[in-house]
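First comes the structure, then the notes that go with it.
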Amino acid sequence: MNIYADQAATTRISETAKKAMLDCMDKAYGNPSSLHTPGQTAKEYLEAARISVAEQIGARPAEIYFTSGGSESDNQAIFSAARLGAMKGKRHIVSTKIEHHAVLHVLKRLEKEGFEVTYLDVHGDGIVRPEEVCSAIREDTALVSVMYANNEIGTLQPIREVGRICREKKVLFHTDAVQAAGHVSIDVERDSVDMLSLSGHKFCGPRGAGALYVKKGVPLLNLIEGGAQERGKRAGTENLPAIVGMAAALEESCRRMDEDGRKVTELRERLIDGLLRIPHSRLNGDRKRRLPGNINVCFEGIEGESLLLLLDARGIAASSGSACTSGSLDPSHVLLALGLPHEVAHGSLRLTIGPDNTAEEIDYMVENIKQVVEYLRNMSPVWEELQKGERRYVIQ
Amino acid sequence: MNIYADQAATTRISETAKKAMLDCMDKAYGNPSSLHTPGQTAKEYLEAARISVAEQIGARPAEIYFTSGGSESDNQAIFSAARLGAMKGKRHIVSTKIEHHAVLHVLKRLEKEGFEVTYLDVHGDGIVRPEEVCSAIREDTALVSVMYANNEIGTLQPIREVGRICREKKVLFHTDAVQAAGHVSIDVERDSVDMLSLSGHKFCGPRGAGALYVKKGVPLLNLIEGGAQERGKRAGTENLPAIVGMAAALEESCRRMDEDGRKVTELRERLIDGLLRIPHSRLNGDRKRRLPGNINVCFEGIEGESLLLLLDARGIAASSGSACTSGSLDPSHVLLALGLPHEVAHGSLRLTIGPDNTAEEIDYMVENIKQVVEYLRNMSPVWEELQKGERRYVIQ
Amino acid sequence: MLYSEKVMDHFTNPRNMGKMEDADGIGQVGNAKCGDIMKMYIKVKDGVIEDVKFNTFGCGSAIASSSMATEMIKGKPVEEALKLSNQAVVEALDGLPANKIHCSVLAEEAVQAAVEDYYKKQAEK
Amino acid sequence: MLYSEKVMDHFTNPRNMGKMEDADGIGQVGNAKCGDIMKMYIKVKDGVIEDVKFNTFGCGSAIASSSMATEMIKGKPVEEALKLSNQAVVEALDGLPANKIHCSVLAEEAVQAAVEDYYKKQAEK
Ligand SMILES: Cc1ncc(COP(=O)(O)O)c(C=O)c1O
Ligand SMILES: Cc1ncc(COP(=O)(O)O)c(C=O)c1O
């Protein structure tokens, strides 16, 4: 059996999105900046995609800027807000400990430039507390950036509450909704969001297209300078087939959201139940307030990369927050932010599923993960120490 | 007849590139950063594309960074060189008056930050003089950026000579080869280039993928921060299908370069000959040292946008350096750099053709352009003045 | 599309295009450097614009604006022609792109220049 | 692939994996915090490593390095085992990714620790 359970890394492109791309390559081969008919046809495709993407998140078309993906959207939003803030003497940013690197590494660079960043705790459940956002905001806060849903542990952040607080305090609010878009309901009005990032390939759209929502009236600086595309805010010939494919995928995902969400949540619960039957295992992140398709568990006494590779040998494609998968020495900053000790964080497994996964696949995964965990524990000197009582269990 | 003669704006994707993309979507759907088999397969596709692109320009695979397109490559190269230069007190840049906006607008922003930029003249023929590059270089020159081939008038710049000078003077040399790649021979070693930008959709590859060559040992700063993709220099999930499509298209273009170049040059000459038979018309840019597929002419007494729209009505998709096509008030900075007065620059027409264009199409274009120019001149008060002798002809 | 159907219609089939040998008033506005010149000819009889012609060097919307303006003033008393506003031209064309509004202004000015020229010539008679 | 075929072979079919009840020397190196612990058991007869076993908590290359190291010292005199270098392990595995070289170092250290433990126990006898 071959199971792709790493949909948070990237999804397979849907037939709908692929068809939209091919149609676009065929019929809208011109450059949207060109005045002739092929160019103007391309422009029509572009603006139709903009209307469609805007609709799915409750925005106006003129508030949507197309980018090359989630990382670029995050970079542009945060750098822009920071630089504009600095012009008014605001050099403080509020964010969380569990943001994606596309946010964290921008914040690190801003810190080097003299910005001060408050990284909010997410407690044991992986969820930021609105009241802590509130008290972190200062006179000189240029931006609050809190992700909509976490990519590792799937926790949904209280965006509506954070948005309301920022609106009240008149502080710019950005949310990285790369993992949320197409999976949970987003409404920039309801959520009081000023800037929002999303990325096509996380909801069965193509890679290479993303969007940045910027509320009307909120100024935006370029990350990429040059031509007048995207109303002068993002230079470069538009990646039209990917943009059109992304719009089609987002429309489809949002249309099916309720139905798919129910189905996937059910699969997720079945998977979590099965995995937690393995002794000394734990679910990372709040069980309820999480993305429909995210399962993140730790198994004490084993290391994630070897788990992952053995599962791969059995046809299961998964992910881990183990240090070894990242090339760094520390395991995932997200798992550490939950308060997990290093040795336990090394033993994490992330399964991210979608509506194309089946109950049969879930059961296959449970059974095989159980076997592999057992096998690895048998060869693990850490597990030996735990069993002999020479080391204390962290997970009971 | 429907003729696409705006290939410098964007090309139609080739069947080869499209097939490569579809194959990639199908077989390499994983994220190259993932450890499992689908991820590692994707990684193999990615590295194969890198090897292929490197080969076509005489580079090593480790010197190729994939980006979202030409604009991003230009931005990263120039911002990086400037910021690194500034750290050593070097705040001067040498470039030309005819660079693409993706270069010029970056330079404008750097000027605002206190950099000094020397914009070299390109004389009447649209070609920069190596000796002028040489004498413009100063002790504090951080970068020389000269495009390989111009996008409007197609002139080929003396990159080899400029490269040699920069190497001798130990100044970093970047070239925007977006219009050149796949059309004329590029070799980063032979040309002594330190950084080079290219963009997939200009040689029948897909939109949304570009590359930045950076010579081994030349430091590079990120434009987009985040994940560790592209050896930490360009964050964001790789747009793998587009990258793979670009590599396939570049390989094909380079393989066919000699044959196609001969064929296209012949078509170009036929087109130029035909158009120059129209009275008071001129070719912009040196006739010999130009891209095989570029024709740029001015017709005195008429305005480019109306010419363009009437040609479009006859099935000919072309471009113009007229102010009206850009939304600005001044006509193309490139035509002005040639020394053309505004009123003549307004009357420019750019036709950019490829190997899929035919001699029949060329003749159709000549005939129809002749008719439309005549029609527009008949309704032009400027033409009336010229004919009555109340205004002097600029083009004899 | 860049332009409304109306604009494209007036651009591709301009009304009243051409010169007029025995015009009672001629107005020319704009300059070639900026990319737009409009020349308007009017023939007036009993204070009414009996005929009108135009010549334009300029973009699609400049040509369409000239054409539309001539239609709007033909058969109208000169005083009324003087009141032709650029907004009226834009509306009649079902809109113009924001960066092309100046073309309609030029059309308004061309009409005014032609009428003023007519008045001047009348005064000289 | 991330790993060479050799690494994958030793990872998925580790040689000499398991515990040893009557080991003459046991070495344990690394720590769980860093994500790698190797424990190596040796049985020595007449100065020759007659049998060897390992247990490892760690990534694919850690497990493969342990496995390969055990194969390389099995049947060898203890002095020779002491000379086992991490480079030799890397070469035998047809290479390791740059950021995984530390796994081979750990394997070298685990062998040394086991041999030292054997010497110590011998001295205590
Ligand atoms: C010379 C030149 N440089 C840069 C670019 C920008 O490339 P892209 O539109 O792919 O970002 C273009 C084309 O638009 C170009 O012709
Ligand atoms: C939460 C989050 N933000 C940002 C990104 C970056 O998106 P992309 O890889 O499309 O640039 C990702 C995915 O990698 C993500 O999961």
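Sequence lines set the chain letters: A, B, ... in the order given, protein chains first and strands last, and positions in each chain run from 1.
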State, with a plain yes or no, whether a side-chain heavy atom of [X] is found less than 4.5 Å away from one of [Y].
X	Y	value
Asp312(A)	Pro38(B)	yes
Glu225(B)	Lys108(A)	no
Met21(B)	Pro241(A)	no

Roughly how far apart are [X] [atom1] and [Y] [atom2], rounded to 0.5 Å?
X	Y	atom1	atom2	result
His105(A)	Asn222(B)	NE2	CG	10.0 Å
Leu35(B)	Ser306(A)	CG	OG	11.0 Å
Gln7(B)	Asn31(A)	CD	CG	12.5 Å
Glu72(B)	Leu223(A)	CD	CG	8.0 Å
Thr37(B)	Asn2(A)	OG1	CG	8.0 Å
Cys24(A)	Arg207(B)	SG	CZ	5.5 Å

**Message:** As an exercise: rank Thr237(B), Asp26(B), Ile78(B) by heavy-atom pairs under 4.5 Å with chain A and give me the winner.
**Reply:** Thr237(B)
Side chain / backbone / both / neither for [X] at chain B, heavy atoms under 4.5 Å:
X	result
Ala9(A)	both
Leu22(A)	side chain
Ile224(A)	both
Ala28(A)	backbone
Asp74(A)	neither
Asn239(A)	both
Gln76(A)	neither

Interface residue of largest heavy-atom contact number with chain B, from [options], under 4.5 Å:
options	answer
Gly39(A), Ala209(A), Ala235(A)	Ala235(A)
Gly70(A), Gly69(A), Gly30(A)	Gly30(A)
Ser71(A), Ala313(A), Ala242(A), Pro206(A)	Ser71(A)
Leu104(A), Ile316(A), Leu240(A), Ile243(A)	Leu240(A)
Val106(A), Ile13(A), Asp6(A)	Asp6(A)
Ala318(A), Gly227(A), Gly236(A)	Ala318(A)

**Prompt:** Under a 4.5 Å heavy-atom cut-off, does chain A meet the side chain of Glu238(B), its backbone, both or neither?
**Reply:** backbone
